[in-house]
There are 4 protein chains.
Amino acid sequence: MEFNKVEPIYTQIIEDIKLKIINGTYLPGQEIPSRRQLAKDLGVNPNTIQRAYREMEEKKLIVTSRGQGSFITSDQTIINSLKDEALSRVVSQSVEKLRSFGRSDHEIIELIQKFMKGEHRK
Amino acid sequence: MEFNKVEPIYTQIIEDIKLKIINGTYLPGQEIPSRRQLAKDLGVNPNTIQRAYREMEEKKLIVTSRGQGSFITSDQTIINSLKDEALSRVVSQSVEKLRSFGRSDHEIIELIQKFMKGEHRK
Amino acid sequence: MEFNKVEPIYTQIIEDIKLKIINGTYLPGQEIPSRRQLAKDLGVNPNTIQRAYREMEEKKLIVTSRGQGSFITSDQTIINSLKDEALSRVVSQSVEKLRSFGRSDHEIIELIQKFMKGEHRK
Amino acid sequence: MEFNKVEPIYTQIIEDIKLKIINGTYLPGQEIPSRRQLAKDLGVNPNTIQRAYREMEEKKLIVTSRGQGSFITSDQTIINSLKDEALSRVVSQSVEKLRSFGRSDHEIIELIQKFMKGEHRK
DNA sequence: GTGGTCTAGACCACC
DNA sequence: GTGGTCTAGACCACG
């Protein structure tokens, strides 16, 4: 994993784990790497990982128990809202990008529907 | 401008100019940099620029007249088809990305329409 | 037991025994430790214990019979007045503390009653 | 300031500042010591102060701006809820303590009212 | 082994 | 000067 220099590393780690929850790499209840292990894997200080994990803990994304490790939450409500947020963001970005071509919203919808029909969704 | 190492540089130059036509940086009939000038600007060999310009010439994207320079085509049909291609690509990419969230095409359309309505297009 | 350095030790011992009477650790008529034993337990001079016991004797809190030991008084009147004093002190402290929040006496009463109702006293 | 060893230092610092907000030592909008300064005053590592301040930031108790310093929130709603919480805690503790004397809730209320009347509130 | 806290000291961004 | 992040390494509590 590579980090950019503008965002704090711990936020990039959070976003990475969020992404893995969203795309199904991490399933509800699944154990995630220990702080020490992940620190070694990413070549980062354990305290930086700790910071990321604690923030996820506060946001209820993971649950953690001393001596046991940390696990993705089993609360589907939280996971769903995570996915919904991501979906909303993609919808927003997609629409903005499509609008930049100077077509009306109505035309955009038509183009999308035409594409969907033509593709015979897999 | 930065080049990646996998694609040939001349195709990357073509794509860059196409992008500038699509997003309006280059308008129909507008002069584009001379081969020699662009070669110096990008730090590449003039022959590479020549290759790019020749391909665009063949596709009628630009017209060149000896001793005058090179100009974006004034043929709206060509420019429109360029834009249409780009738009199609964006539509395709957007739909694929949206589908990856596991929602039905119908749901996707609804989400987009809801977003468009909510945004009060600028 | 730990002693502070500002009050005399013998008064602290008295207060400790009073507290044990009030909270039921020592029941009426119950035997309390011998002077010698308590001196050893607390690591203080037997004369200090003697002083404490004598004062309690004077206040009729305990009765001592030579060769038998010392016992909490069986006189409920005395014990009750001890408890009443303690209760008064707690009432006073509580009200002062509650008043420090800047609420009126009326509001304080209401808050207490609301809490009592909400708690479903055990 | 002295710290106990069971609670983390940073929570003790938070509680101390909360107390100062509640009892009016810190007023809304007032600047609080810089992290470095407080660290020196308390003989604690700046990172520990940072941890405390960040938690208070998240809970909107303080607002902070880089290069400027940190300030008690000016949001009265938050300050009031802080005070209400503290008051509730005191009410609860007081009632529990008073109940431990074996009197009925009704008797307790009467004792408090009698005390309030007798004191001629200052 | 795990997580949680703390210290010491560094560097950067802001103003 | 201020706050914010990161590293290196230590110690403790839990199981």
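Everything numeric in this text was worked out from a predicted model, so none of it was measured. In the text below, chain A, chain B and the rest are named by the order of the sequence lines, each starting its count at 1.
- Not one side-chain nitrogen or oxygen of Thr64(D) sits closer than 4.0 Å to the OP1 or OP2 atom of dG3(F).
- In this entry the distance linking CD of Glu57(A) with P of dG3(E) reads 11 Å, nearest Å.
- Rounded to whole angstrom, the span from the CD atom of Glu58(A) across to the C1' atom of dG3(E) amounts to 15 Å.
- For dT2(F), neither phosphate oxygen OP1 nor OP2 lies less than 4.0 angstrom from any side-chain nitrogen or oxygen of Gln68(D).
- We find that CZ of Arg66(A) is positioned 12 Å from C1' of dC11(F), with the value rounded to whole Å.
- Side chain of Val44(D), nearest nucleotide from dT7(E), dT2(E), dG3(F): dT7(E).
- The pair Glu110(C)-Lys114(C) does not meet the salt-bridge criterion, since no charged nitrogen lies less than 4.0 angstrom from a carboxylate oxygen.
- Note on Arg51(D): every side-chain N or O is 4.0 Å or more away from OP1 and OP2 of dC6(E).
- In the interface, the side chain of Asn47(D) is not paired with the base of dG4(F) through any donor and acceptor atom under 3.5 Å apart.
- Look at dA10(F): its Watson-Crick or wobble partner, with both distances under 3.5 angstrom, is dT5(E).
- Ion pairing of Lys18(C) with Glu15(C) is present here, as a side-chain N (NZ or NE/NH1/NH2) and a carboxylate O approach within less than 4.0 Å.
- Atom pair Lys5(A):NZ and dT7(F):P shows a separation of 14 Å (rounding to whole Å applied).
- The main-chain N or O of Ser88(C) is never found under 3.5 Å from a side-chain atom of Ser92(C) such that the two would form a donor-acceptor pair.
- Nucleotide dG3(E) holds its P atom 10 Å from the CD atom of Gln37(A), rounded to whole Å.
- Asn4(D) and Glu7(D) get closest at one heavy-atom pair: OD1-N, 2.9 Å.
- In this entry the distance linking CD of Gln12(D) with P of dT5(E) reads 12 Å, nearest Å.
- Residue contacts for Tyr10(D): at a heavy-atom cut-off of 4.0 Å it reaches the sugar-phosphate backbone alone, with no base atom in range.
- Spacing between atom CZ of Arg54(D) and atom P of dT2(F) amounts to 20 Å, rounded to whole angstrom units.
- With hydrogens and angles disregarded, no donor-acceptor distance shorter than 3.5 Å links the side chain of Gln37(C) to the backbone of Ser34(C).
- Note on Arg36(A): a base of the nucleic acid sits closer than 4.0 angstrom, heavy atoms only.
- For Arg35(A) and dT2(E), the shortest distance from a side-chain N or O to OP1 or OP2 is not below 4.0 Å.
- As a whole-Å value, the separation of Asn45(D) CG from dA10(E) P is 13 Å.
- Take the nearest nucleotide of DNA chain F for Gly67(A) and for Thr48(A): the residue whose nucleotide is more 5' is Thr48(A).
- Residue Ser70(A) places its side chain closer to dG3(E) than to any other of dG3(E), dT7(E), dC6(E).
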